[in-house]
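Below is one structure, written out as structure tokens; the observations come after it.
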Amino acid sequence: MSAPKLKAPRGTFDILGEQALAREALEARAGALLGAAGYERIETPVFESTDLFARGVGESTDIVSKEMFSFEDGSGRSYTLRPEGTAPTCRAYIEHGMHKRRQPVKLWYLSSFFRRERPQDGRYREFWQVGAEAIGSADPAVDAESITLLATLLTQMGVREVRLRLSSLGSPEARGEYRERLQAYLRANEEALSAEVRARIDLNPLRAFDTDHPGTREVMKSAPLLLDHLEQDDLEHFAEVRGMLDDAGLLYEVDPTLVRGLDYYTRTLFEFTSDALGAQSGVAGGGRYDRLVEQLGGPATPGMGWAAGIERILLAGEAQHFAPAPIELFVALGEDGEAARRAAFALLVEARSAGLAAQMELGGRSLKGQLGQASALGARYVAIVGAGETALRDMQGGGQQTVPRDTVVHAVLRSHHEI
RNA sequence: GUGGGCGUAGCUCAGUCGGUAGAGCUCCUGGUUGUGGUCCAGGCGGUCGGGGGUUCGAGUCCCCUCGCUCACCCCA
């Protein structure tokens with residue numbers, strides 16, 4: 001019996017080649033954009049106490065109730081592979097006493113997250129998100145800045161057919177009150193609702209707005225809307241955020257039925273989708289979470305943030321070709337044997353010390369094969385090293401001459417500067 | 001988690017009525033008594049996702065399973 005073939009686990013993938021280069025480019029863009037806006041990079045542990053997500057994200061959410069990869073260490077403690085980035089970031093904010101720093105504290109991350117969902121294109125069990133969190137200020141300008149930065153990032157990444165939907169959830173109190181009102185309304189019309197919606201009346205009545213079920217849709221047409229039940233200061237906050245987005249020239253659609261599957265959101269809530277994607281059309285989402293830090297045991301501290309899916313940005317982005325940077329010198333072996341190989345290696349080391357992007361033949365190829373290799377690497381020059389002689393070949397002009405080996409690096413550097 | 005489609009070399013795929021596998025690309029070698037991106041020739045490479053079953057015989061039919069994918073769901 002032979003061992004079964006080893007494969008990457010379901011819903012996971014290796015990142016190679018052009019994918020790796022595309023992601024590097026995205027990370028560089030995000031770093032430049034967010035760094036210039038005062039966001040500091042943060043990386044939190046891949047796993048955290050299960051309790052962090054249970055308390056932060058919410059027990060009744062899909063994420064916590066059925067999608068977490070949890071495990072116990074030897075001592076009976078329960079840990080969970082992070083399913084999202086906001087709760088860990090807030091945990092770090094509290095743990096490092098960041099409320100003592102100048103507020104708001106702005107943090108960004110690019111990391112992988114884990115949810116046990118059924119995979120399909122654009123939805124993976126290990127997926128990557130770039131996220132930004134601004135913690136410590138309730139100023140509506142924080143919301144507007146945060147959303148604007150995200151819009152800029154998506155534009156820079158060439159994400160096609162983007163739409164922004166915006167809403168406000170208000171305070172937890174108003175939301176709670178509204179929630180009860182909505183539940184009462186749903187119960188009063190229960191017989192017309194779909195089974196799934198009916199089953200979720202207690203857990204998450206807001207879901208009822210997100211349905212294709214005809215009967216439910218009919219009922220929801222005249223259902224009470226959260227936006228009509230917000231408190232005055234929440235309405236003002238929302239209006240101010242909208243005003244600033246208008247001034248920034250951002251197009252958006254106010255959608256009072258917008259729902260997020262995480263419990264911590266308050267006030268501003270938004271989602272970017274791309275019609276270039278299939279069912280997994282959400283590219284980025286976020287909002288304000290003014291009670292989360294306190295809920296996790298820190299001082300009462302408002303927060304605002306978002307996360308964008310790397311795979312979805314790339315899927316919805318304009319097709320771009322990435323190629324590794326060409327090298328400047330390829331050191332080929334002009335003859336077999338240790339003497340030539342050692343001379344070649346010494347030249348390689350010398351070239352790199354001089355700052356050249358250089359590679360040498362490592363594959364045992366014929367000279368024809370070596371030149372093909374050099375060509376594929378985009379090498380400008382090839383040094384063909386023998387135990388005695390060394391030839392320097394210009395791969396663009398095609399010229400070649402025998403030169404003293406210790407002048408090769410100098411010659412390449414000089415032509416490099418002339419270009 | 002539910003339902004549908006698909007799963008043959010590293011990649012893209014062909015495989016007729018069941019008769020134990022092919023092409024192109026890639027890679028390597030040769031044509032050039034060692035000198036690249038074209039061309040020509042050759043070569044490496046597959047327990048046909050995995051496991052059972054039917055059959056004299058299964059890549060082809062049946063069942064199970066794993067994976068991908070589409071929709072639902074959910075979300076980034």
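Just so we're on the same page: letters track the sequence lines, and every chain starts at 1.
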Interatomic distance at C1', B:C61 relative to B:U69, whole Å: 24 Å
Atom-to-atom span, CG of A:Leu6 to P of B:G50 - whole angstrom: 14 Å
Nearest-Å distance once atom P is located in both B:C68 and B:G18: 32 Å
If you take all heavy atoms of A:Glu335 and A:Ala340, which pair is closest and at what distance? O-CB, 3.5 Å
Quick one: A:Asp121 CG to B:C72 P, roughly how many Å, whole number? 14 Å
Taking the same atom, P, in B:A41 and in B:C25, what whole-Å distance lies between them? 10 Å
Are the charged groups of A:Arg23 and A:Glu311 less than 4.0 angstrom apart, N to O? yes
Mind listing the closest non-hydrogen atom pair of A:Arg165 and A:Asp255 along with its distance? NH1-OD2, 2.6 Å
Kindly give the heavy-atom pair with the smallest separation between A:Gln280 and A:Gly122, and that separation in Å. CB-O, 4.3 Å
Given RNA chain B, 5'-ward residue of the pair A:Thr61 and A:Lys7, judged by closest heavy atom: A:Lys7
Could you measure between the two P atoms, the one in B:G7 and the one in B:G49, and give it in whole Å? 8 Å
Verify the stacking flag for A:Phe113 against B:A76: centroid separation must be under 5.5 angstrom and the ring planes must differ by under 30 degrees. no
If you look at every strand shown and take non-hydrogen atoms under 4.0 Å, does A:Ala307 touch a base, only sugar-phosphate, or nothing? sugar-phosphate
Could you state the atom-to-atom distance from CD1 of A:Ile384 to P of B:G34 in whole Å? 13 Å
Using the P atom as the point on both nucleotides, what is the distance between B:C70 and B:C64, in whole Å? 24 Å
Looking for any heavy atom pair under 4.0 Å, which part of the strands does A:Arg10 touch: base, sugar-phosphate only, or nothing? sugar-phosphate
Starting at atom CZ of A:Arg115, determine the distance to atom C1' of B:G1, rounded to an integer number of angstrom. 16 Å
Under-3.5 Å donor-acceptor pair between A:Gln280 side chain and B:A71 base: no
At a heavy-atom distance below 4.0 Å, what parts of residues 324-348 of chain A sit against RNA chain B? A:Gly334, A:Glu335, A:Asp336
Give none if B:C73 has no partner; otherwise give the nucleotide forming a Watson-Crick or G-U wobble pair with it, both distances under 3.5 Å. none
Rounded to whole angstroms, how far apart are CZ on A:Arg123 and P on B:U69? 11 Å
Distance between P atoms of B:G10 and B:G19 (Å, rounded): 24 Å
Can you tell me the distance, in whole Å, between the NZ atom of A:Lys66 and the P atom of B:G1? 11 Å
Could A:Lys221 and A:Glu218 be called an ion pair, given the rule that one side-chain N must be under 4.0 Å from one carboxylate O? yes
When both distances are under 3.5 Å in a Watson-Crick or G-U wobble arrangement, the nucleotide paired with B:C61 is B:G53
Base partner of B:C68, which must satisfy Watson-Crick or wobble distances under 3.5 Å: B:G5
Quick one: does A:Arg118 reach the base of B:C68 with a side-chain donor-acceptor pair under 3.5 Å? no
Please say whether more than 12 non-hydrogen atoms of neighbouring residues, nucleotides or ligands are located less than 6.0 Å from CZ in A:Arg342. no
Which pairs, protein N/O on one side and nucleotides 24-30 of chain B N/O on the other, fall under 3.5 Å?
residue : atom : partner  : partner atom : Å
B:C28   : OP1  : A:Arg365 : NH1          : 3.0
B:U29   : OP1  : A:Ser366 : N            : 2.5
B:U29   : OP1  : A:Ser366 : OG           : 3.3
B:G30   : OP2  : A:Ser366 : OG           : 3.3

Euclidean distance for C1', B:U33 against B:G24 (whole angstrom): 34 Å
If you measure from the Lys or Arg side-chain nitrogens to the Asp or Glu carboxylate oxygens, is any gap between A:Arg163 and A:Glu161 under 4.0 Å? no
Using purine N1 to pyrimidine N3 plus N6-O4 or O6-N4 for Watson-Crick, or N1-O2 and O6-N3 for G-U wobble, both under 3.5 Å, which nucleotide pairs with B:C27? B:G43
Residues at least two apart in sequence or cross-chain that pass ring-ring contact (aromatic ring centres under 6.0 Å, His included) with A:Tyr109, listed by chain then number, are A:Phe113
Whole-Å distance between B:C72 P and A:Gln120 CD? 8 Å
Select base, sugar-phosphate, or nothing to describe what A:Glu84 touches, counting heavy atoms under 4.0 Å on all strands. nothing
Does atom CZ of A:Phe345 have more than 12 heavy-atom neighbours, drawn from other residues, nucleotides or ligands, at distances under 6.0 Å? no
Counting Watson-Crick and G-U wobble pairs only, both distances under 3.5 Å, name the nucleotide matched with B:C17, or none. none
For the side chain of A:Arg312 and the base of B:C75, is some donor closer than 3.5 Å to an acceptor across the two? yes
Which is true for A:Gly131 with a 4.0 Å heavy-atom rule: it touches a base, it touches only sugar-phosphate, or it touches nothing? nothing
CD/A:Glu191: more than 12 non-hydrogen atoms of other groups inside 6.0 Å: yes
If you look at every strand shown and take non-hydrogen atoms under 4.0 Å, does A:Leu262 touch a base, only sugar-phosphate, or nothing? sugar-phosphate
Quick one: is B:G1 close enough that its OP1 or OP2 comes under 4.0 Å of any side-chain N or O from A:Arg116? yes
Answer yes if the ring centres of A:Phe71 and A:Phe47 are under 6.0 angstrom apart, and no otherwise. yes
Kindly give the heavy-atom pair with the smallest separation between A:Ile384 and A:Gly334, and that separation in Å. CG2-CA, 3.5 Å
I'd like the C1' distance from B:G51 over to B:C44, given in whole Å. 30 Å
Rounded distance (Å) that lies between atom P of B:A76 and atom CH2 of A:Trp128: 18 Å
